[in-house]
K.L.:
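Take a look at the following structure, please.
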Number of protein chains: 2
Amino acid sequence: MRVDARRNREHLLATAKAVIAEQGPEASLNEIARRAGVGPGTLYRHFPTRQALLAAVFQDRVETLCAKAEDLLAHTSPDEALALWSRDVLAHALTDGGLSTSMTLGEAELGFDCHAAMRSAATGLLARAQGEGRTRPDIDVEDFFQLVTGVALAASELPGGLGRAEHLLSVTLAGLRG
Amino acid sequence: MRVDARRNREHLLATAKAVIAEQGPEASLNEIARRAGVGPGTLYRHFPTRQALLAAVFQDRVETLCAKAEDLLAHTSPDEALALWSRDVLAHALTDGGLSTSMTLGEAELGFDCHAAMRSAATGLLARAQGEGRTRPDIDVEDFFQLVTGVALAASELPGGLGRAEHLLSVTLAGLRG
DNA sequence: ACCTGAACACCGTTCAAGT
DNA sequence: ACCTGAACACCGTTCAAGT
C-alpha cells in the first residue's frame, strides 16, 4: 500500500467518524469525501460499500464490547453479567445509531466480522445465564439480540435518551427471566 | 374542491397504496406521481408532506386497530385483551412498515391524528390490565408502545416474519407482567 | 498503483407559467 | 382554482483520464 493511499485511508476514516458522529450512519458519502478533501472515487476505493465504512468506524467500539463480555463472564454472576452487558450494548446502540449497523453487518469486512464477534460474545453470557441463572431456556442468541436491538431502535426514535431506554430494557430483561 | 382535483387525489392515494405495498413507506414520491400520471407538484398539493400521505394510506388500518381495541375492551379479559391487541398492532407494523409511521405521526393530518387515536385505544386496554390484571403498574402507554414498536422494528430488519415477531412479543409481554 | 472529478441516473422539493 | 413539468440542489455510484 502506497504511503499516500494509506494516508488517504486514515484521513477518510477519521473524517467519517466525525461526520457520522454529527449526522448518524446515513451521512452522505459524498460529503465525507468532500470534507476529507478527496474525490468520491477515492472513498469508494478504500471502502467499497457503506457497510465496509461503518464496520471500520465502529470497529473499536464493538471490540470494546466484546472485551467487556469476556470480563463479565469471568468476574460477575450469570444474571448480572447478562444485564450489565445488555446495558452496554444499549449504550453503544444509542450512540450514532451504532447497533443497527454492527448487528446487521452480515459478512466479514476488512477481516473483521462484527456480527460474528458480537454473537459469540453474547452466546457465552446467555448460555451461562440459562444454565446457572434464571434466564428462560427457550431464548437463543438471535432472540436476545433482536430484543435488545428492538429496545434500542425504538428508544432512538423517540426522545428520552439512555435513561428511558434502560427502563424499557428492564422490562425486557424481566421477560427473559420468564 | 373541483372534480378533477378530487379525482386526482383519489387516484394518487390508490397509486400510493400500491407503490408503498411494493416498496415500503420510503417509496419515491416522484415515482408515485409518475405512476399516477401526474406531475410531482400535484402530489405535493394534495399531500404536503410524506407523513400526510402515509397517514392517508394507513388510515383505514389504524381505524380498524382502534375499533378492535374497543371490541376487546368490551368482550375480553384484561390480560388477554392487551396480549391480543399487541399481536394485532405487531401484524400491522410488519405490513409495509406501517407502524413506525402510524406511531411516530405527531400532529393531526387530514383531520386524523393517528398517534392520538392509537394512544387512546391503548390507554384503555393498559389501564384495565394494570387495575384488574397482572400488568406492572410502572408502565405507561408510551412505554408499552415503545416496547411493541421495538419488537416490530427489530423483527422487520431480520427474516422470520410474524411468527418470530410473536415469539419476541411473548417475551416482552412476560416482562410487562413483572 | 492510485487518485481524480466529471458524469449518470436518481431523489425531494419548488415555482413560474399555463388552463 | 388547480395542474404542469422544467429546474434546483442534492444523493450514490461509476469510470475514463490522468499522475
Side-chain angles (χ1 to χ4, degrees), chain A residues 1-58 96-97 100-101 104-107 109-111 157, chain B residues 1-58 96-97 100-101 104-107 109-111 157:
Chain A
M1 192 142 166
R2 243 163 53 181
V3 275
D4 58 337
R6 161 140 228 98
R7 243 200 11 185
N8 269 337
R9 211 200 100 100
E10 273 164 23
H11 191 219
L12 272 167
L13 189 52
T15 308
K17 283 184 183 175
V19 176
I20 284 168
E22 275 177 32
Q23 310 184 3
E26 319 251 87
S28 156
L29 299 180
N30 275 342
E31 180 172 346
I32 291 171
R34 210 154 40 223
R35 280 213 218 171
V38 125
T42 306
L43 189 151
Y44 276 83
R45 165 164 294 274
H46 287 289
F47 306 99
T49 68
R50 171 172 240 119
Q51 294 260 315
L53 179 61
L54 291 176
V57 165
F58 290 123
D96 318 332
S100 52
T101 75
T104 309
L105 234 53
E107 293 307 310
E109 305 279 0
L110 314 161
E157 299 236 329
Chain B
M1 190 142 165
R2 243 163 54 180
V3 274
D4 58 337
R6 162 140 228 99
R7 244 199 10 184
N8 268 339
R9 209 199 102 99
E10 276 165 21
H11 189 219
L12 272 167
L13 190 51
T15 307
K17 283 184 182 175
V19 177
I20 284 168
E22 275 176 32
Q23 309 184 2
E26 318 252 87
S28 156
L29 299 180
N30 276 343
E31 180 173 346
I32 291 172
R34 209 155 40 221
R35 280 213 217 173
V38 124
T42 305
L43 188 151
Y44 274 84
R45 166 164 292 275
H46 288 289
F47 306 99
T49 68
R50 169 172 242 122
Q51 294 259 313
L53 179 62
L54 292 176
V57 165
F58 291 123
D96 318 332
S100 52
T101 77
T104 309
L105 235 52
E107 292 308 308
E109 305 281 359
L110 313 161
E157 299 235 329

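Residue numbers begin at 1 in each chain, while the letters A, B, ... track the order of the sequences.
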K.L.:
Rounded at 0.5 Å granularity, tell me how far CD1 in Ile32(B) sits from NZ in Lys17(B).
P.N.:
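The NZ atom of Lys17(B) is 12.5 Å from CD1 of Ile32(B), to the nearest 0.5 Å.
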K.L.:
Check whether any side-chain heavy atom of Leu53(A) lies under 4.5 Å from a side-chain heavy atom of Leu12(A), and answer yes or no.
P.N.:
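No, their side chains stay 4.5 Å or more apart.
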K.L.:
Using a heavy-atom cut-off of 4.0 Å to chain B, what are the terminal contacting nucleotides of DNA chain D, in 5' to 3' order?
P.N.:
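Contacts span dA1(D) to dA6(D), reading 5' to 3'.
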K.L.:
Could you identify the nucleotide paired to dC10(D), looking across every strand shown and requiring Watson-Crick or G-U wobble geometry with both distances under 3.5 Å?
P.N.:
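dC10(D) is paired with nothing.
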K.L.:
Would you compute the distance between atom CZ of Arg35(A) and atom CD of Glu22(A) and round it to the nearest 0.5 angstrom?
P.N.:
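The CD atom of Glu22(A) is 4.5 Å from CZ of Arg35(A), to the nearest 0.5 Å.
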K.L.:
Near DNA chain D, which residues from residues 34-42 of chain B have a heavy atom under 4.0 Å away?
P.N.:
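Within residues 34-42 of chain B, the residues near DNA chain D are Val38(B), Gly39(B), Pro40(B), Gly41(B), Thr42(B).
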K.L.:
With rounding to the nearest 0.5 Å, note down the distance linking OH in Tyr44(A) to CG in Leu29(A).
P.N.:
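Result: 5.0 Å between the selected atoms.
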K.L.:
Looking at dT4(D), which nucleotide sits across from it as a Watson-Crick or G-U wobble partner, both distances under 3.5 angstrom, or is there none?
P.N.:
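dA16(C) is the nucleotide pairing with dT4(D).
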K.L.:
Quick one: on DNA chain D, does Glu26(A) or Ala5(B) contact a more 5' nucleotide (nearest heavy atom)?
P.N.:
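Comparing both residues, the 5'-ward one is Ala5(B).
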K.L.:
Taking side chain as C-beta onward, heavy atoms only, is Thr15(A) less than 4.5 Å from Val38(A)?
P.N.:
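No. Closest side-chain heavy atoms not under 4.5 Å.
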K.L.:
With a cut-off of 6.0 Å (strictly less than), are more than 12 heavy atoms of other residues, nucleotides or ligands near CZ of Arg6(A)?
P.N.:
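Not buried by this count: 12 neighbours or fewer within 6.0 Å.
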K.L.:
Return the CZ to CZ distance between Arg2(B) and Arg7(B), rounded to the nearest 0.5 Å.
P.N.:
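Rounded to the nearest 0.5 Å, the CZ-CZ separation comes out at 11.5 Å.
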K.L.:
For Ala33(A), report the nucleic acid contact type (base, sugar-phosphate, nothing); a contact means any heavy atom under 4.0 Å.
P.N.:
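Nothing, no heavy atom under 4.0 Å.
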K.L.:
So, taking the atom named CZ in Arg45(A) and the one named CZ in Arg9(A), what distance separates them when rounded to the nearest 0.5 Å?
P.N.:
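So the gap between those two atoms works out to 13.5 Å.
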